[in-house]
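Here is the structure we will look at, set down as structure tokens.
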Amino acid sequence: MTNSWWRGSLVGLLLVSFTAPVVAQAPAAQTPSASAEYWFNQMSSALRELNFEATLVKSSGARLEPMTWLHGVYEDGLEVELVVRLNGADVRSVRIGDDTSYYSQPSDSSYTLHSDVTYGLLPAAFYLPFEKLQPHYQVLVDRGMRVTGRSTYFLRILSRDNDRYHYGLWIDRKSGMLLKMQMTTPQGEVLEQIQLTTFVERESMPITLSDLRGVQRPPRLHEIRNMEPPRFSLEPQWVPAGFTLLRASHRRVAETRLATDYFLYTDGLTEVSIYVSQSQQQALPELALKGPESLFNLNKGDYAITVVGKLPVNTLQRIAESMQSSS
């Protein structure tokens, strides 16, 4: 897809140069008087309401992804957000209200989703009040180090069980903006990190975003109601408390054309995907891979079960082993 907005004022976004993150220990400061939940909710509001321009680096394992990130709010309250990946293929996302379009050049794989968050950047729960997470997570606050030259408060989001990862958030004391995020194991190993390298708050919408409202959008993906229901008889009998089913369908995996049942669960902060196919066609060994996106593959009778998600391997294994016939 080629649109006029793809060039012009947005070309400059690809010329952004990155500097190393400015992170140093702040001098002693007073402990925050407001609660941890207050500062989490300040962050949620900032992500929705601020006009800003930022650059960031996302690290996942050995992979580093520099990006530009712009957000603004029209006078009528409609949000617009632009995220541009600066390495590799020209990939960017544009969110206007509750529709998010993902563009990729030079391939012709652009599409639009009904979503009021930009997937692949931050967990959807960061845009909601903490009370949505409270049953399964707790949050603590303390003074934090300086990030990108700004004083922060440090929020620690801790799972109430051992079935999930923890998160560390550095929140700008002045604006409430998220400046840094780490996803860690319960033992403290950093698996994924987002670090803002520049952040500029604007009084009004960044000029680059002002013309995006009328841009032509790529086609929508098939609506969930048009998806084919699962065909195989297996479904999970256990997922961690708080996870709910978002999607269940039967499809063919694009790369292999392998007939597969697909289940997607979320607790708001993270997601887990389950794939079920016939074992003689998949032909993968039983394996477990730990990382930012962990994977567990299990052969069970006539079926191969693969569970993928930002969760500990032990959690994925327990989900896979719980798969039983629904009949």
Side-chain angles (χ1 to χ4, degrees), residues 39-56 58 60 65 67-74 76-85 91-104 110-134 136-137 139 155 157 164-165 167 169-172 175-183 192-196 199 205-206 209 212-213 215 217-218 220-224 242-247 264-273 292-293 308-311:
W39 284 107
F40 185 96
N41 293 340
Q42 287 292 102
M43 175 196 70
S44 299
S45 297
L47 291 172
R48 291 289 189 195
E49 299 171 3
L50 293 185
N51 298 296
F52 66 82
E53 301 176 52
T55 58
L56 63 93
K58 181 178 181 180
S60 181
E65 289 187 281
M67 307 179 192
T68 57
W69 180 18
L70 289 81
H71 182 272
V73 182
Y74 289 106
D76 61 1
L78 186 69
E79 281 186 79
V80 58
E81 185 171 54
L82 171 67
V83 179
V84 182
R85 286 164 172 78
V91 178
R92 59 190 68 193
S93 57
V94 176
R95 179 170 66 85
I96 302 177
D98 56 5
D99 278 332
T100 305
S101 299
Y102 298 86
Y103 299 86
S104 180
S110 302
Y111 60 92
T112 297
L113 290 176
H114 182 71
S115 172
D116 64 352
V117 299
T118 302
Y119 287 109
L121 184 62
L122 298 174
F126 286 8
Y127 293 82
L128 300 172
F130 184 76
E131 65 182 18
K132 302 293 184 179
L133 293 175
Q134 197 277 334
H136 307 291
Y137 294 89
V139 59
L155 301 186
I157 302 177
R164 296 161 239 249
Y165 289 143
Y167 291 80
L169 310 178
W170 284 261
I171 308 301
D172 182 20
S175 67
M177 180 64 181
L178 174 66
L179 300 179
K180 181 177 179 179
M181 180 200 81
Q182 288 183 342
M183 182 180 72
E192 186 173 276
Q193 177 171 282
I194 290 177
Q195 163 79 63
L196 268 64
F199 171 69
M205 176 183 292
L209 301 179
L212 292 184
R213 192 168 191 168
V215 71
R217 312 297 290 275
R220 287 180 177 272
L221 289 184
H222 293 298
E223 297 291 343
I224 293 177
F243 276 81
T244 58
L245 182 65
L246 282 184
R247 196 168 304 154
L264 176 64
Y265 289 83
T266 183
D267 69 347
L269 190 54
T270 191
E271 296 177 346
V272 59
S273 298
E293 195 87 15
V308 181
K310 293 182 178 180
L311 294 169

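What's counted below: heavy atoms across the whole structure, side chains too, no hydrogens, waters or symmetry copies.
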Item to check | Glu53/Phe199 under side-chain contact (heavy atoms from CB on, under 4.5 Å): CA gap, chis, key distance, verdict | outcome: CA-CA 6 Å; Glu53 301 176 52; Phe199 171 69; over 6 Å; no
Item to check | Working for side-chain contact (heavy atoms from CB on, under 4.5 Å), residues Ile96 and Leu78 | outcome: CA-CA 7 Å; Ile96 302 177; Leu78 186 69; 3.6 Å; yes
Checklist entry - Which is it for Val83 and Arg85 under the side-chain contact (heavy atoms from CB on, under 4.5 Å) test, yes or no, and what are the steps along the way? => result CA-CA 7 Å; Val83 179; Arg85 286 164 172 78; 4.3 Å; yes
Next on the checklist: Using side-chain contact (heavy atoms from CB on, under 4.5 Å), reason through Leu311 and Thr270 one step at a time and then give a plain yes or no.
Outcome noted: CA-CA 8 Å; Leu311 294 169; Thr270 191; 3.8 Å; yes
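Put simply, CG on Leu264 and CZ on Phe243 are 10.0 Å apart, with the number rounded to the nearest 0.5 Å. Taking CG from Asp267 and CG from Leu133, the interatomic distance works out to 7.0 Å, rounded to the nearest 0.5 Å. The distance from atom CG of Leu269 to atom NZ of Lys310, rounded to the nearest 0.5 Å, is 10.0 Å. Here the CG atom belonging to Leu196 is positioned 13.0 Å from the NZ atom belonging to Lys58, to the nearest 0.5 angstrom. With rounding to the nearest 0.5 Å, the separation of CE in Met43 from CE in Met177 is 9.5 Å. One finds the CD atom of Gln193 at 11.0 Å from the OG atom of Ser60 (value rounded to the nearest 0.5 Å).
Geometrically, Arg92 does not engage Tyr102 in a cation-pi contact defined by less than 6.0 Å to the ring centre and at most 45° from the axis.
When every heavy atom of Asn51 is checked against every heavy atom of Pro206, the shortest pair comes out as CB-CD, 4.2 Å. Taking each heavy atom of Leu47 and His71 in turn, the nearest pair found is O-NE2, 3.2 Å. Residue Pro292 comes nearest to Met183 through the heavy atom pair O-CE, 3.6 Å, listed as atom of the first residue, atom of the second, then distance. Contact between Tyr165 and Tyr137 at its shortest, heavy atoms only, is O-CE2, 4.0 Å. Closest approach of Ser44 and Pro129 over heavy atoms only: OG-N, 4.5 Å. Scanning both residues, Asp98 and His114, for their nearest heavy atoms gives OD2-CE1, 3.2 Å.
Between the side chains of Asp172 and Ser175, at least one donor N or O lies within less than 3.5 Å of an accepting N or O. Neither side chain, Thr112 nor Arg217, offers a donor N or O lying under 3.5 Å from an acceptor on the other.
Screening Glu65, Met181, Met67 for a side-chain contact (heavy atoms from CB on, under 4.5 Å) involving Leu56 leaves a single residue, Met67.
Between Leu178 and Leu169, the closest side-chain pair of non-hydrogen atoms falls below 4.5 Å. Using a 4.5 Å cut-off on side-chain heavy atoms (C-beta onward), Glu293 and Val308 make contact.
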Show me the donor-acceptor pairs within less than 3.5 Å that the side chains of residues 118-128 make with the rest of the protein, sequence neighbours left out.
{"unit_1": "Thr118", "atom_1": "OG1", "unit_2": "Glu81", "atom_2": "OE1", "d": "2.6"}

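For Phe40 and Phe130, the ring centers sit closer than 6.0 Å to each other.
At most 12 heavy atoms of other shown residues, nucleotides or ligands fall within 6.0 angstrom of atom NZ in Lys132.
In this structure, Ser115 contributes its side chain and Thr100 its backbone to no donor-acceptor pair below 3.5 Å. Between the Tyr103 side chain and the Tyr111 main chain, no donor and acceptor come within less than 3.5 Å of each other.
Using a 4.0 Å cut-off between a side-chain N of Lys or Arg and a carboxylate O of Asp or Glu, Glu79 and Arg48 qualify as a salt bridge.
Checked against ring pair (Phe, Tyr, Trp, His ring centres under 6.0 Å), Tyr167 has no partners two or more places apart in sequence or in another chain.
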